[in-house]
Every structure is written in structure tokens, then in C-alpha cells.
There are 2 protein chains.
Amino acid sequence: MTDKKTKRTKQSINREELESRILRCAEVVFAEKGYNGSSMEAIAASASISKQNLIYYFSNKELLYQRVLKEMLDIWIEKLSFLETQGDTPETVIRRYVREKMQLSRLYPNGSKVFAHEIISGAPVLKEYLISHLKPQFDRDVILVKSWISKGLVDDIDPEHLFFTIWAATQTYADFSVQMEVLLGKHRLDEADFERAESAVTDFVVRALGAKKNNYK
Amino acid sequence: MTDKKTKRTKQSINREELESRILRCAEVVFAEKGYNGSSMEAIAASASISKQNLIYYFSNKELLYQRVLKEMLDIWIEKLSFLETQGDTPETVIRRYVREKMQLSRLYPNGSKVFAHEIISGAPVLKEYLISHLKPQFDRDVILVKSWISKGLVDDIDPEHLFFTIWAATQTYADFSVQMEVLLGKHRLDEADFERAESAVTDFVVRALGAKKNNYK
DNA sequence: CAACAACTTGTCTTTCCGGTCAGCAATAAG
DNA sequence: CTTATTGCTGACCGGAAAGACAAGTTGTTG
């Protein structure tokens with residue numbers, strides 16, 4: 001109707017566009033209601049299409065759920081596989097890592113919530129993925145921190161639990177945002193809140209590490 | 001059958017016992033499946049009673065869910081309202097606080113997960129409770145930390161986000177235990193893991209605070 | 001023991017939801 | 001213009017699950 005220019009496969013363009021719109025909407029619904037609480041009808045309504053049409057694009061609910069999870073994980077893997085940038089100081093690496101993680105909480109709160117629901121529920125869908133993809137990366141990153149320790153670049157902290165703490169402290173700004181909104185007396189966390197959060201968490205981590213140079217602020 | 005001694009209201013004793021057994025079982029099911037994913041039948045089966053009997057004790061699912069949440073929150077409120085123990089050093093208070101919080105994750109992982117599901121979903125049931133109970137306590141605790149800062153007992157950290165980080169870092173040992181099990185290559189987190197976690201998180205926080213005396217380890 | 005209360009279960013109804021299917025509409029290709 | 005492919009919809013089905021109801025059973029009290 002509108003696009004005369006895009007002669008080439010007008011349908012396929014719409015298809016891609018609709019598919020990604022569905023995924024975005026499904027993400028929101030899954031985040032709020034969990035897998036079982038989200039009906040295909042509700043997701044369809046949220047994307048302003050009919051249930052049957054939704055099923056036409058994603059033939060069943062399980063598949064749609066997996067696609068939503070996968071989209072989130074692909075982003076995470078892409079953004080968080082840079083601990084190996086050797087040559088930088090531990091503090092630089094850590095600051096960048098925390099900043100990236102915080103931005104993921106800010107930019108993709110719903111995907112993060114879907115992930116959280118999944119893990120809390122025992123990771124029935126993602127367990128294999130965690131073993132095959134996350135663990136190797138985790139092991140490498142732990143080794144890197146250990147090498148920092150042995151070189152005396154940082155204090156003798158517990159590497160595994162350092163990562164658990166960083167993940168928890170950053171992800172909480174997506175998953176538990178409602179609680180924070182209540183406690184801070186705000187309707188929504190805004191840019192400024194995230195700035196403060198990022199700098200607070202970063203400083204916490206850097207101080208806890210006891211990195212050589214502590215020139216923050 | 002067994003209890004001859006407890007003449008007084010043998011039934012009422014069974015009732016209490018059964019009620020609390022139901023609550024414990026419901027907690028497990030809700031933790032794993034979320035509210036919508038948990039059927040009354042599944043909860044009943046997990047408590048080894050019939051669905052109809054379950055409904056006899058808890059007339060509907062919503063009520064049962066609220067009772068489970070309330071049980072958890074009562075424990076939390078009870079255990080975590082001691083930041084006002086004046087006279088102690090910040091380090092002492094903080095260490096005790098983190099330890100208590102970690103023990104809650106260890107002792108009540110399922111209640112913690114139910115709570116997490118609820119908050120991530122936007123706290124439809126608990127929002128009012130958070131406003132009326134948690135926020136006042138939070139505000140008080142923030143003021144206490146601020147007084148520490150103004151007295152120079154701790155560094156100039158961000159009090160609100162300090163609490164967010166402590167909560168996240170401790171609660172993650174309940175909520176995300178599956179992820180940790182995978183990453184640590186264990187089937188279950190054992191006592192030793194929690195010991196390590198507790199000491200890692202505690203040290204982490206104490207260092208971040210920059211409390212006067214840092215005589216850990 | 002008799003009568004009453006507390007407890008337990010089997011049956012049924014209603015609602016909701018995931019998914020199928022047959023057919024209609026719009027677009028692309030010849 | 002005709003035909004085929006792709007996109008979309010309404011009507012429908014089977015199963016699951018919440019809860020109502022009535023009936024039966026067990027324990028309690030006079």
C-alpha cells in the first residue's frame with residue numbers, strides 16, 4: 001500500500017517486521033506473566049494480531065518462548081565475551097564489564113526478566129545451554145581473575161563468587177526494578193537512576209577487588 | 001493413632017500440622033512453576049492429599065499463594081529489622097546483616113524464589129505490602145548509613161544502592177542456585193559453598209564500605 | 001450410644017487455552 | 001487474466017484446571 005519502492009519481496013519484509021514485533025511483544029508478556037501465565041491469545045493481542053495469525057508465524061508457544069530466550073542470550077553472549085581483552089588493567093576490564101552488564105539491564109529489562117523466571121524455575125529449557133556455552137566462558141574468566149591475583153594486581157578475592165555478585169548486582173536493576181521504584185518513591189527508574197546505579201556498583205566492585213589504582217570519582 | 005497423650009483436640013493438632021505441610025509443599029511447587037504453572041492438583045499431590053481436601057484447607061489458589069508469600073515475608077521482616085542496633089560498629093552491623101540474609105537464602109530458598117517470581121512479575125500482590133512495610137524500614141536504614149557517612153565511619157558510598165547490591169548478592173544464592181550449580185559443576189550447593197559465599201559477599205561489602213577497621217580473614 | 005462437628009473423597013460443571021482445519025484474501029508470477 | 005503462493009481468519013476440538021456440591025467417614029462430646 002505505502003511502499004512502492006520496496007518492490008523486492010514486499011511480503012518478506014512485512015514478515016520480518018511482524019516477526020520481530022511479535023518477539024518484542026512476547027518478551028514483555030513472558031516477562032510479566034511467566035511462561036505458563038502467558039496465553040498465546042494475550043501475546044497476539046499485545047501484538048495486535050489474531051491468535052491464529054500468531055500461530056501462523058510461531059507454530060507453538062514453546063517455540064516462541066525459546067526464540068525469545070535465544071534472542072536475549074545471543075545479545076548477552078555477544079556483549080559479555082570481552083574479559084579476555086588482555087593488556088588492559090583489571091580495573092579497566094572490570095569497569096567496562098560492569099558497565100556493559102548494567103546497560104543490558106537498562107536496555108533489555110524484559111528479556112532479563114524472562115531469563116530470570118527461567119533460571120528460578122530450574123532452567124528446564126536453558127540448562128543445556130548454560131552447560132555448553134556459559135560454563136566454558138565462566139571458567140576462562142575465572143582463570144583470568146586468578147591470574148590477576150597471582151600477579152598481585154588485585155587482592156585475594158574469591159573469583160567465582162565475584163562473578164556471582166557482579167551478575168546479581170547488575171541484573172537486579174532489571175528484574176527487581178519494581179521493588180526499587182517503590183523504595184525510591186519513583187514511578188519509573190530513569191536515566192539518572194541508572195547512572196547512579198552504574199557508578200555505585202562499579203565502585204563497589206573496584207573497591208572490593210582492591211585494584212591497584214583506585215582513582216574513581 | 002499414635003498420640004494418646006495429646007488428648008486435647010487431636011484434630012486441631014493434625015490440622016495445624018497438615019496446614020503447615022501444605023504450605024511447605026505449596027512453596028516448593030510455586031517456586032518451581034510460578035503461580036500460573038502450579039495447579040491445585042499438583043500441590044495436593046505433592047502434599048499427598050486429594051485436591052478437594054486441599055481446597056478444604058485453603059479455599060482457593062490465590063489465598064494459598066498469599067499465605068505462602070506472607071509466611072516468607074514475616075520471616076524476613078523479623079530477621080532483617082535489626083539495623084538499628086546502635087552502639088555496634090558499622091562493620092559489625094553489616095557483617096551480621098549480610099550473614100542473616102545469606103542464611104535466609106540457605107534456609108528458605110523456595111520462599112525466596114516465590115518472592116522473586118512475584119517481584120519480577122511486577123508485584124501485583126505484594127506492591128502494597130512493600131510500600132507499607134518495606135519502604136519505612138528501608139528509609140530508616142538508609143538514614144543510619146548516611147549518619148555513618150557523615151560521622152566518617154564509612155566512605156561516601158551510595159546508601160540506597162548499597163542495599164540493592166546487598167540484597168541482590170545474597171538473594172541470588174537462592175534464586176539463581178541452578179545457574180551456580182552448573183557453573184561450579186555441582187549437583188547441589190552444599191554447606192561449604194554457602195560458607196564460602198557468605199564470607200566472599202561479606203568481605204566484598206565491608207571492603208566496598210571502606211569501614212574503618214578492615215580486619216577480615 | 002447418639003448426635004454433632006470435622007474431615008475426606010467422587011462427581012460434575014464451567015471456563016480457559018493450545019492447537020487444528022478449512023477456507024477466504026492478497027500478492028506474486030506467468 | 002490466470003494461476004499459484006503466501007498471508008490471514010472463523011469455527012471448532014480436546015484437554016486441563018478451578019471450584020461447587022453432595023455424600024460418606026471419622027472423631028468428639030453429651
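Note on naming: letters A, B, ... go to the chains in the order of the sequence lines (proteins, then strands), and numbering restarts at 1 for each one.
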Suppose we call a contact any N or O donor and acceptor under 3.5 Å apart; does that hold for the side chain of [X] and the base of [N]?
X: A:Gln52; N: C:dG19; answer: no
X: A:Lys61; N: C:dG19; answer: no
X: B:Lys51; N: D:dA18; answer: yes

Quiz item: Between A:Phe138 and A:Phe164, is the gap from one ring center to the other below 6.0 Å?
Solution: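 Under 6.0 Å, so yes.
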Quiz item: Are B:Phe115 and B:Trp76 near enough that their ring centres are under 6.0 Å apart?
Solution: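 So the answer is yes for these two rings.
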Quiz item: Between B:Lys101, B:Arg96, B:Arg106, which is the residue that forms a salt bridge (charged side-chain N to carboxylate O under 4.0 Å, His left out) with B:Glu198?
Solution: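 For B:Glu198, the salt bridge (charged side-chain N to carboxylate O under 4.0 Å, His left out) check succeeds only for B:Arg106.
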To the nearest Å, give me how far apart [atom1] ([X]) and [atom2] ([N]) are.
X: A:Asn36; N: D:dG15; atom1: CG; atom2: P; value: 19 Å
X: A:Phe58; N: C:dG18; atom1: CZ; atom2: P; value: 15 Å
X: A:Leu64; N: C:dG18; atom1: CG; atom2: P; value: 11 Å
X: A:Glu19; N: D:dT6; atom1: CD; atom2: P; value: 14 Å
X: A:Ile55; N: D:dT6; atom1: CD1; atom2: P; value: 20 Å
X: B:Leu63; N: D:dA18; atom1: CG; atom2: P; value: 14 Å
X: A:Ile22; N: D:dC8; atom1: CD1; atom2: C1'; value: 12 Å
X: B:Leu54; N: C:dT8; atom1: CG; atom2: P; value: 11 Å

Any side-chain N or O of [X] below 4.0 angstrom from OP1/OP2 of [N]?
X: A:Asn53; N: D:dT9; result: yes
X: B:Arg15; N: C:dC7; result: yes
X: B:Tyr57; N: C:dT8; result: yes
X: B:Ser50; N: C:dT9; result: yes
X: B:Tyr56; N: C:dC7; result: yes

Self-check item: Check ion pair A:Arg21-A:Glu17 (N to O, under 4.0 angstrom)
Solution: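 A:Glu17 and A:Arg21: not salt-bridged.
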Quiz item: Is it true that a side-chain atom of B:Lys61 and a backbone atom of B:Tyr35 form a donor plus acceptor pair closer than 3.5 Å?
Solution: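 Confirmed, B:Lys61 side chain pairs with B:Tyr35 backbone.
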